[in-house]
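What follows is a short report on a single structure.
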Amino acid sequence: MGFLPRLLWRQFRRLEAGRRVNPCSVQVNEPAQVSLTADPVRARIPASLAVGAPLPVAPTPGYEYAEAQQRLTCAGVGGIVAEDRIREIKIEKIQKLRDKGLQPYPERWQRTHTPGQASQLEAGVGGVRVCGRIVSRRDFGKLTFFDVQDVGGRMQCSLQRDDLGKESYTDFIKLVDVGDFVGIEGETYHTKIGQLTVRGSNWQILGKMLRPMPEKFHAIADREIRYRRRYLDLITDADSRARFRLRHDFIRALRKGLDEAGFDEVETPVLQTKPSGALARPFETHHAALDIPVYLRIAPETYLKRCVVAGFDRVYEFARVFRNEGMDPSHLQDFTMLEYYASYWNYIDNMDFTERLLRQAIEASTGSLQVTHAAGEIDFSGEWPRRPLLDLIQEHSGIDVNACPDADSLRSALGAAEITIDGAEKFGRGTLIDQLYKKTVRPRITSPTFVTSHPVDLSPLARRNDDEANISDRFQLVIHGWEVINAYSELVDPIDQRGRLEEQAALNAEGDSEAMVMDEDYLMAMEHGMPPISGWGMGIDRMVALLCGAENLRDVVLFPLLKPEEGSAVEDAILEAGEEAPAIEGADA
RNA sequence: GGGAGCAUAGCUCAGUCGGUAGAGCAACGCCCUUUUAAGGCGUCGGUCGUUGGUUCGAGCCCAACUGCUCUCACCA
């Protein structure tokens, strides 16, 4: 039934209010049951709808539409709700285009300029062929202005009846709408108020839109709709277009910087039989032919290091990685990580290179080294401070961790400093240091800062410092309280690595789903020998979010994962298959 | 998982004290040759997220549910 009851209800309300009704939308089977207060002439009530007969209940105020509706049926598909009605109108326009020999979805169109390119032209350039989606329009009888747009720019065009002839001009006015793709051929000129415009000598429709466009002045407000129907967000919101352009430019600049520094780009497997390279819960899936579990990678690390074993001395990968964890504004379960590994470098060399690489890429993509963020200006110029973790903790909390050789002494120091950490009694020394850092130091770091020299028990994959065996040769780049980069002098000693993996595997066996599992295949590769390496990983999404001032990572990902929409095709298909809709991992755990 | 907020036309939003649901945009019909959120006249479009309850009467008050947003916690 769907729209029927609602439609009937609406029509009765209109009749009661003395307003007009659509004459083809309602028919009455048993006219004697219906009472109407509307004036029949003004309301254009069809002959089949008798006026004046008593209703089963009083028309106002307690009008029982449900009972009345049982006595009515609706013939045909008149009326319907707004969006469907607009769709019907546009489908009619498609038929009218075809009737006139105009193909609504043509196969190609020869373009000379994108809208962005055309907007840079001088006046008086002829033979300009520009195309895009019409995003706004202003009609003046025998003259019309409209803007065509793609993600790269926008260009105003005009059509005049005197240039096109009456028929072609009227066809455009009647059959082409905001939202449609069109191609315009013409000459550039300045309008009376100086706006560069392509004055079209002919036009062609290149793709008809069936749906209504969102409101043209405001962008879409509902975050969920912005994410689900990102195309509408990108069509209507210039800020959103700018964010994704920045993302694209930033990635391109990073790639250029790495290529120029002698790195090779490689691709490593997404489906892995053993997830490794990070501490995280993986997504598990199943390989049907082999009948084995496989995992979506949580990091590309161990495969990139295999490349180093093979003789790639500098490799990088823009890697989509997947972590089966909760969703919040600074975490995605499906995100992009840039990792690279450089042979013969230590972490100090790596910090030097990081500054150069990022500065170059930030300037290339944003045009500046100062970035405006909701929390304030972020300045990427100058030398970024390099601070050992324990120094920072002492500075911000007053606790000298070096004076606390075990968990108990550190706990009493925490107590003396009146710092409470939930669950402190069950944490080891390493975790306590980590929690102390996250609580007192990290939120206060705003400008880019290298945090270095983490305790070795926080860094199972990092190389031990040669002078201080309990700290690792590691750095993180922290900006605005976010860890954006994590890098080490890599552990290349296969015997040390085996020992640390055994510890992790034991934790995993005890039920820690984030701990690593034994990876003999990787150890086999390591035992063939590695040079000194410094490795590096950056969360692209986080960095891009910082650069464009987005506070939610989903604003810089085109199509973030969302729960399935109720009544969606996906859900319907699942229900049809006789299964229950799947629970969304992490959504309610 | 805790807390707070939101849900009204395709879009952006009003809706007063509980008393017949409003505007702008979009759409449709007219007028208009220099606009750019064009303008003017007319029209169409709503079971006010769902289900109950209170009431003579609920968009509004109450409860539950669903969805979304923010926030805290958890989580590299």
Side-chain angles (χ1 to χ4, degrees), chain A residues 3 5-10 12-14 16-22 25 37 59-63 65-66 69 79-90 92-93 135-147 154 156 158-163 169 174 177-179 189-195 197 199 211-228 232 236 278-281 298-299 321 323-331 333 335 337 422-423 434 438 442 458 476 482-484 486 513-514 537 539 542 551-552 562-563 565-566 586 588-589:
Chain A
F3 63 88
R6 187 165 56 162
L7 171 66
L8 291 172
W9 182 85
R10 176 72 185 158
F12 271 96
R13 292 297 296 262
R14 298 189 67 79
E16 282 169 11
R19 297 168 72 180
R20 300 180 183 191
V21 295
N22 181 343
S25 53
T37 58
T60 55
Y63 183 71
Y65 71 87
Q69 138 197 340
I80 330 186
V81 289
E83 185 167 8
D84 288 337
R85 196 196 53 192
I86 288 171
R87 195 163 168 272
E88 294 294 329
I89 289 166
K90 300 209 177 201
E92 281 172 28
K93 288 184 180 180
V135 291
S136 69
R137 177 161 151 185
R138 297 161 292 283
D139 287 341
F140 288 85
K142 300 181 185 66
L143 162 71
T144 185
F145 292 102
F146 52 93
D147 300 321
R154 180 184 287 204
Q156 176 167 281
S158 69
L159 293 174
Q160 300 189 18
R161 196 175 76 167
D162 292 348
D163 293 343
Y169 182 78
K174 294 286 183 192
D177 297 314
V178 170
Y189 75 110
H190 287 293
T191 65
K192 283 182 181 169
I193 58 168
Q195 171 74 47
T197 303
R199 177 172 176 164
R211 301 283 178 173
M213 279 277 279
E215 210 259 3
K216 66 186 171 190
F217 185 60
H218 306 88
I220 292 175
D222 187 324
R223 274 184 180 277
E224 189 191 1
I225 296 177
R226 287 221 313 258
Y227 299 145
R228 274 192 204 286
L232 290 180
T236 55
L279 302 177
R281 186 147 73 107
I298 55 176
V321 300
R323 297 185 181 180
N324 206 342
E325 286 157 0
M327 330 164 72
D328 72 52
S330 64
H331 291 84
Q333 40 286 109
F335 60 101
M337 177 169 273
D422 293 338
D434 189 42
K438 285 178 178 169
R442 197 174 68 182
L458 289 179
Q476 293 182 317
W482 281 6
E483 288 159 7
V484 173
N486 191 16
S513 60
E514 289 183 358
R542 284 188 178 180
E551 293 185 88
N552 191 323
L562 300 169
K563 291 174 77 166
E565 220 167 351
E566 198 164 342
D588 53 6

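Naming: A, B, ... by sequence-line order, numbering from 1 per chain. In what follows, every heavy atom counts, from backbone to side chain, and hydrogens, waters and symmetry copies are set aside. All figures in this text were calculated on a predicted structure; none of them were measured in a lab.
Within the shown strands, nothing qualifies as a pairing partner of rA37(B) under the Watson-Crick or G-U definition with both distances less than 3.5 Å. Across the strands present, rG5(B) finds its partner in rC68(B); the criterion is a Watson-Crick or G-U wobble pair with both atom distances under 3.5 angstrom. As the counterpart of rG45(B), no nucleotide is assigned, since no Watson-Crick or G-U wobble pattern has both distances under 3.5 Å. rA63(B) and rU51(B) make up a base pair, with Watson-Crick or G-U wobble contacts both under 3.5 Å.
Close to rA38(B), at under 4.0 Å from its OP1 or OP2, lies a side-chain N or O of R138(A). Note on K93(A): a side-chain N or O is less than 4.0 Å away from OP1 or OP2 of rC28(B). Within the 4.0 Å cut-off from OP1 or OP2 of rC70(B), at least one side-chain nitrogen or oxygen of R223(A) is found.
Contact annotation for K438(A): base contact, defined as any heavy-atom pair under 4.0 Å involving a base atom. If you check every strand for non-hydrogen atoms under 4.0 Å, Q476(A) touches a base. Residue contacts for N552(A): at a heavy-atom cut-off of 4.0 Å it reaches the sugar-phosphate backbone alone, with no base atom in range. Here D222(A) lies in heavy-atom contact (under 4.0 Å) with sugar-phosphate atoms only. As judged by a 4.0 angstrom heavy-atom cut-off over every strand, R161(A) is placed among residues making no nucleic acid contact.
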Stepwise, does the side chain to side chain contact (heavy atoms under 4.5 Å, CB included) test hold for D177(A) with K90(A)?
CA-CA 9 Å; D177(A) 297 314; K90(A) 300 209 177 201; 3.7 Å; yes
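A gap of 4 Å separates the C1' atoms of rU8(B) and rC48(B), to the nearest Å. Nucleotides rG59(B) and rA9(B) place their C1' atoms 14 Å apart, quoted to the nearest Å. Atom name P, nucleotides rC60(B) and rA73(B): the rounded distance is 36 Å, in whole Å. Taking atom P in both rG45(B) and rG22(B), one finds a spacing of 13 Å when rounded to whole Å. Across the P atoms, rG49(B) and rC25(B) are found 25 Å apart, a figure rounded to whole Å. Straight-line distance between the P atoms of rC65(B) and rC11(B): roughly 27 Å, to the nearest whole Å. With C1' as the reference atom, rG15(B) and rG67(B) are 23 Å apart, rounded to whole Å. Here, rU69(B) and rG29(B) have their P atoms 39 Å apart, quoted to the whole Å.
Residues T144(A) and Y169(A) have side chains that never bring a donor and an acceptor to within less than 3.5 angstrom of each other. Side-chain contact check for R138(A) and S136(A): at least one donor-acceptor pair (N or O, by modelled atom type) lies under 3.5 Å.
The shortest heavy-atom contact between T197(A) and T191(A) is OG1-CG2, 3.3 Å. Among all heavy-atom pairs drawn from I298(A) and A278(A), the shortest one is CD1-O, 3.4 Å.
Among the nucleotides rU69(B), rC75(B), rU35(B), the one closest to the side chain of T197(A) is rU35(B). Closest to the side chain of T191(A), out of rC28(B), rG67(B), rU35(B), is rU35(B). Side-chain atoms of P214(A) lie closest to rC11(B) of the nucleotides rC11(B), rC28(B), rU35(B). The side chain of E215(A) lies closest to rC25(B) when the candidates are rC25(B), rU34(B), rC68(B). Of all nucleotides listed (rU34(B), rA26(B), rU36(B)), rU34(B) comes nearest to the side chain of L143(A). Among rU69(B), rU34(B), rU12(B), the nucleotide with an atom closest to any side-chain atom of Y227(A) is rU69(B). You'll find that the side chain of P212(A) is closest to rA26(B), out of rU35(B), rG29(B), rA26(B). Proximity note for I220(A) (side chain, C-beta onward) versus rU34(B), rU12(B), rG67(B): the nearest is rU12(B).
In terms of position on RNA chain B, the residue among Q160(A) and H331(A) whose nearest nucleotide sits closer to the 5' end is Q160(A). Between D434(A) and F145(A), the one whose closest nucleotide on RNA chain B sits nearer the 5' end is F145(A).
Rounded to a whole Å, the NE2 atom of H218(A) is 16 Å from the C1' atom of rG10(B). Between R87(A) atom CZ and rG10(B) atom C1' the separation is 13 Å, expressed in whole Å. The CD atom of Q156(A) sits 10 Å away from the P atom of rA37(B) (whole-angstrom rounding). Following rounding to the nearest Å, D139(A) (CG) and rC30(B) (P) show an atom-to-atom distance of 13 Å. Atom-to-atom, NZ of K192(A) to P of rU34(B) comes out at 5 Å; the value is rounded to the nearest Å. The CD atom of E551(A) sits 15 Å away from the P atom of rU69(B) (whole-angstrom rounding). One interatomic measurement links the two molecules: CZ of R226(A) to C1' of rC68(B), which rounds to 13 Å at whole-angstrom precision. A straight line from CZ of F335(A) to P of rC75(B) spans 16 Å, rounded to a whole angstrom.
A distance cut-off of 5.5 Å between ring centres, combined with a plane angle under 30°, leaves F140(A) outside any stacking arrangement with the base of rC32(B).
When the options L159(A), V135(A), V178(A) are evaluated for a side chain to side chain contact (heavy atoms under 4.5 Å, CB included) with F146(A), the one that passes is L159(A).
For D434(A) and K438(A), the salt-bridge test passes: some basic side-chain N is under 4.0 Å from an acidic carboxylate O. Ion pairing of R542(A) with E483(A) is absent here, as no side-chain N (NZ or NE/NH1/NH2) approaches a carboxylate O to less than 4.0 Å.
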